[in-house]
Amino acid sequence: MQTNNLYELWQQLAELHLARANINTLTDMIVCPGWDYCSLANATTHNIAEQIEKQFDDLDYLYDLGEIRLNMSGCINACAHHHTGDIGILGVDKKGEHWYQISIGGNSSDDAKLGKILGKSVPALEVANTIQQIVDVYVDLRASTDNDVESFGQLVERVGIDPFKEKVYG
Ligand code: SF4
């Protein structure tokens, strides 16, 4: 494709809701195929991704949050490397129902580390609300200077998971 067709390409992608400028934000998720397309899955993932996209549909808000990597896997094979997301979501099966275990503080850069599990898994309908609570803690506690704002990962490194745990499970 030549560059003079880019605007037309963008228009076509926008019609398909594939042109959102959310790169490196919370909704720029890595999500495995999950239950809908993978025979090994324990839980659906795409519906949860959609739920999160709807919850976080304000681009100005997403840009203000800065880079938060969210990875979601539909089973413990962890194809989406959820352990290494700032926020990781793992789909689990509980007596035939889909639940979601959330971890925070993972990192896949040179300073790689695994996230820590926040607590008991949450039901499907509560995932986006739970992510919102986690993000609210970040916004409340992040440090900032005139030139810099503490990232989600830096905050988790500084304060640990307890403030997040307290907000989600009270
Ligand atoms: S993590 Fe599990 S559900 Fe997702 S693609 Fe891999 S094997 Fe399938």
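As the structure lists them, so they are numbered: ligands from 1, and atoms in each ligand from 1.
- Using modelled atom types, no side-chain atom of Gln55 and backbone atom of Val127 make a donor-acceptor pair closer than 3.5 Å.
- Heavy atoms of Ala80 found under 4.0 angstrom from ligand 1: none, in either backbone or side chain.
- Below 4.0 Å from some heavy atom of Ala41 lie the following atoms of ligand 1, by number and element: 3 (S).
- The protein non-hydrogen atom at the shortest distance from atom 5 (S) of ligand 1 is Pro33 CD, 3.5 Å.
- Between Thr25 and Leu65, every side-chain heavy-atom pair lies at or beyond the 4.5 Å cut-off.
- When only non-hydrogen protein atoms are considered, atom 4 (Fe) of ligand 1 lies nearest to Cys32 SG, 2.3 Å.
- Among the backbone and side-chain atoms of Cys79, no N/O/S atom is found under 2.8 Å from atom 4 (Fe) of ligand 1.
- Annotation: atom 8 (Fe) of ligand 1 to nearest protein heavy atom, Cys38 SG, 2.2 Å.
- When only non-hydrogen protein atoms are considered, atom 2 (Fe) of ligand 1 lies nearest to Cys75 SG, 2.3 Å.
- Exactly one of Asp86, Ile102, Ile30, Ile52 qualifies for a side-chain contact (heavy atoms from CB on, under 4.5 Å) with Leu70. That residue is Ile52.
- Within ligand 1, the atoms closer than 4.0 Å to a non-hydrogen atom of Ala78 are 1 (S), numbered from 1 in the order shown.
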Arg20 and Glu53: salt bridge (Lys or Arg N to Asp or Glu O under 4.0 Å), yes or no, with the steps?
CA-CA 11 Å; Arg20 203 151 180 256; Glu53 276 185 357; 5.8 Å; no
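- Below 30°, between 30° and 60°, or above 60°: for Tyr37 and His46 the angle between ring planes is between 30° and 60°, a tilted geometry.
- Proximity of a side-chain donor or acceptor of His98 to a complementary backbone N or O of Thr44 within less than 3.5 Å is detected.
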